[in-house]
2 protein chains.
Amino acid sequence: MKKLTPQQTKVLNCIRDSINKTGFPPTRAEICSELGFSSPNSAETHLRALEKKKYIEIRAGSSRGINILENSQSLRQNENKVPVIGLVAAGSPTLASENIERKLTIDQGMFKKNVDYFLKVKGMSMLDAGILEDDLIAVHKTDKVKNGDLAVMRVNDEVTLKYFYKKNNLLELRPANNDFKSIFVDLEKDDVVLEGLGIGLIRKN
Amino acid sequence: MKKLTPQQTKVLNCIRDSINKTGFPPTRAEICSELGFSSPNSAETHLRALEKKKYIEIRAGSSRGINILENSQSLRQNENKVPVIGLVAAGSPTLASENIERKLTIDQGMFKKNVDYFLKVKGMSMLDAGILEDDLIAVHKTDKVKNGDLAVMRVNDEVTLKYFYKKNNLLELRPANNDFKSIFVDLEKDDVVLEGLGIGLIRKN
DNA sequence: TAATATACTGTATAAATATATAGTATATTG
DNA sequence: CAATATACTATATATTTATACAGTATATTA
């Protein structure tokens with residue numbers, strides 16, 4: 001399965017959204033108005049790219065003739081049991097079974113990226129970002145992070161959720177609450193690992 | 001739910017078959033060739049009958065603009081597909097199709113109670129409760145509410161999310177943001193309906 | 001018994017739609 | 001460094017498609 005570009009992913013999601021909302025796939029024009037293109041050919045070429053990469057089928061001559069190919073991989077990913085991580089014991093990998101509180105069944109199409117686990121929030125350091133204690137942060141494992149991202153970091157064997165800001169060799173892990181102070185990490189000295197990015201949140205009242 | 005005639009059932013199954021096989025609904029002409037009709041109007045009138053009996057929706061002017069309404073009797077396991085409500089048009093029921101932005105597949109065991117729909121949050125009036133704009137509030141339809149509950153109320157045909165406080169005939173709808181003021185409702189004068197309770201939240205970053 | 005619903009054929013057409021062609025520009029790859 | 005992929009705008013058009021209109025016939029309902 002070839003990887004999609006960000007724009008191609010947008011188009012594929014646009015098709016999914018249309019089917020979910022209306023019951024049928026979009027026209028080229030509808031894709032354009034949804035994504036802000038001004039030429040039908042923009043949609044057309046993206047569709048042909050998705051077809052080439054086997055994400056969709058296009059039936060020639062048919063209006064809305066788009067079929068999303070749900071192959072075995074995506075079907076298996078579609079409904080998924082995702083672990084909920086409570087407190088992480090020192091020295092153990094985040095996803096070690098002793099850290100798994102329980103599992104949540106979710107549709108992997110719910111968030112923009114794949115959810116690898118949910119992290120249960122401790123404390124109120126991210127209050128101003130609308131993140132409260134016991135909220136579940138949907139975490140996508142990745143090593144790609146940019147400044148301002150909501151990051152799950154492991155600093156000296158402790159897992160923390162903060163905003164990520166890097167400048168040269170100095171890493172700032174910034175909270176979203178005036179009562180808390182940033183954690184500064186010297187990337188040359190300290191032991192720090194990016195666990196993943198916070199791509200969503202689930203709260204149970 | 002009105003009963004279908006044998007021919008109408010055939011047409012509905014023909015639509016289902018098309019969606020299952022191709023991924024999109026059929027055209028009038030395709031229904032005709034599938035069922036042996038020789039006039040597109042045969043399909044058209046059957047579709048209008050199905051629409052009238054609320055088995056399908058037809059979007060005017062759209063090719064293949066047929067949407068099968070999966071209700072209680074549905075064959076599929078759509079009980080997991082929960083509608084997402086964006087802006088609610090004045091005068092329309094909250095769950096009217098024009099208000100449904102799309103649908104989310106969730107496990108109904110995710111929250112403590114059954115989720116009837118998700119309400120997309122407008123504005124920042126619940127900021128201090130960790131509820132931000134565009135968050136999806138999981139709403140459980142009920143008429144049981146107590147003071148302090150997070151309630152989805154309809155006041156004078158406008159839907160709002162606030163904390164519920166009632167004292168005699170005076171209802172206070174309290175925001176969670178100092179920049180906003182409570183809405184006070186005289187239960188004898190004003191038109192107010194409890195739509196449901198906020199039992200959870202989903203956020204996509 | 002008249003009105004309405006069902007179940008079709010047949011024809012016509014405005015509008016919706018897919019799709020080709022002609023460009024421009026940038027990024028990535030062999 | 002040339003070839004290819006990506007990401008668009010802009011215009012044109014043949015085909016697809018929804019939908020209206022004109023009929024015929026039978027069954028069901030008020």
Side-chain angles (χ1 to χ4, degrees), chain A residues 1-19 21-69 112 144 146, chain B residues 1-19 21-69 97:
Chain A
M1 210 68 172
K2 264 196 174 176
K3 260 200 143 181
L4 296 183
T5 66
Q7 285 302 86
Q8 287 164 2
T9 305
K10 272 190 193 171
V11 172
L12 185 61
N13 284 332
C14 176
I15 300 167
R16 284 212 181 93
D17 286 350
S18 171
I19 293 170
K21 191 184 166 188
T22 68
F24 39 89
T27 65
R28 274 59 165 173
E30 283 164 4
I31 295 172
C32 288
S33 81
E34 196 63 37
L35 299 181
F37 305 150
S38 60
S39 165
N41 192 42
S42 296
E44 181 70 24
T45 50
H46 278 129
L47 290 176
R48 295 301 164 185
L50 287 169
E51 187 187 36
K52 210 170 180 181
K53 291 180 178 177
K54 308 269 185 205
Y55 282 78
I56 63 170
E57 278 176 347
I58 300 173
R59 195 169 80 177
S62 285
S63 64
R64 305 178 187 276
I66 302 168
N67 184 22
I68 295 181
L69 295 171
K112 285 174 191 160
K144 281 169 195 157
K146 55 186 194 305
Chain B
M1 209 69 174
K2 267 197 172 176
K3 260 200 143 183
L4 295 183
T5 67
Q7 285 303 87
Q8 287 165 0
T9 306
K10 272 189 193 172
V11 173
L12 185 60
N13 284 332
C14 175
I15 300 167
R16 284 213 182 91
D17 287 349
S18 171
I19 293 169
K21 194 180 164 190
T22 68
F24 41 86
T27 64
R28 274 61 167 170
E30 283 164 5
I31 294 172
C32 288
S33 82
E34 196 64 38
L35 299 180
F37 307 149
S38 61
S39 164
N41 192 43
S42 298
E44 181 71 24
T45 49
H46 279 129
L47 290 176
R48 294 300 163 186
L50 287 169
E51 186 188 36
K52 212 169 179 182
K53 292 180 176 177
K54 309 271 188 206
Y55 282 78
I56 63 169
E57 278 176 346
I58 300 174
R59 194 168 80 178
S62 285
S63 65
R64 304 178 187 276
I66 303 168
N67 186 21
I68 296 182
L69 297 170
S97 61

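Throughout, a chain's letter reflects where its sequence line sits, starting with A, and its residues are numbered from 1.
Close to C:dA7, at under 4.0 Å from its OP1 or OP2, lies a side-chain N or O of B:H46. For B:Q8, a side-chain nitrogen or oxygen approaches OP1 or OP2 of C:dT6 to under 4.0 Å. The side chain of B:K3 places no N or O atom within less than 4.0 Å of a non-bridging phosphate oxygen (OP1 or OP2) of C:dA5. Residue A:S38 places none of its side-chain N or O atoms closer than 4.0 Å to OP1 or OP2 of D:dC8. The side chain of B:K10 places no N or O atom within less than 4.0 Å of a non-bridging phosphate oxygen (OP1 or OP2) of C:dT6. Listed pair A:T5 / D:dA7 meets the phosphate criterion, a side-chain N or O lying under 4.0 Å from OP1 or OP2.
Contact annotation for B:K52: backbone-only contact, meaning every heavy-atom pair under 4.0 Å involves sugar-phosphate atoms and none involves a base.
Looking only at side-chain heavy atoms (C-beta outward), B:R64 and B:E30 come within less than 4.5 Å of each other. You'll find the side chain of B:I66 stays beyond 4.5 Å of the side chain of B:L50, heavy atoms only. Within the 4.5 Å cutoff, the side chain of A:I58 has heavy atoms near those of the A:R48 side chain. At least one side-chain heavy atom of B:H46 sits under 4.5 Å from a side-chain heavy atom of B:F37. Taking the side chain as every heavy atom from C-beta outward, A:F24 and B:R59 approach each other to under 4.5 Å.
In this structure, the side chain of A:T22 does not engage the main chain of A:I19 through any donor-acceptor pair within 3.5 Å. Side-chain atoms of A:S18 do not come within 3.5 Å of backbone N or O of A:C14 as any donor-acceptor pair.
A residue-by-residue look at B:A49 and B:S42 shows that B:A49 has its nearest nucleotide of DNA chain C further toward the 5' end.
The overall bend of the helix from C:dT1-D:dA30 to C:dG30-D:dC1, read as the angle between its terminal helix axes built from five base pairs each, is 40° when rounded to 10 degrees.
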Mark up nucleotides 15-20 of chain D, 5' to 3', with B wherever a protein heavy atom is under 4.0 angstrom from a base atom, S wherever such an atom reaches only the sugar-phosphate, and - elsewhere. -SSSB-
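Between B:R16 and B:I68, the closest heavy-atom pair is CG-CD1, 3.5 Å.
With rounding to whole Å, A:F37 atom CZ is found 19 Å from D:dT11 atom C1'.
Every residue was checked against the side-chain hydrogen bond (donor to acceptor under 3.5 Å, both in side chains) condition with A:E34, not counting sequence neighbours, and none meets it.
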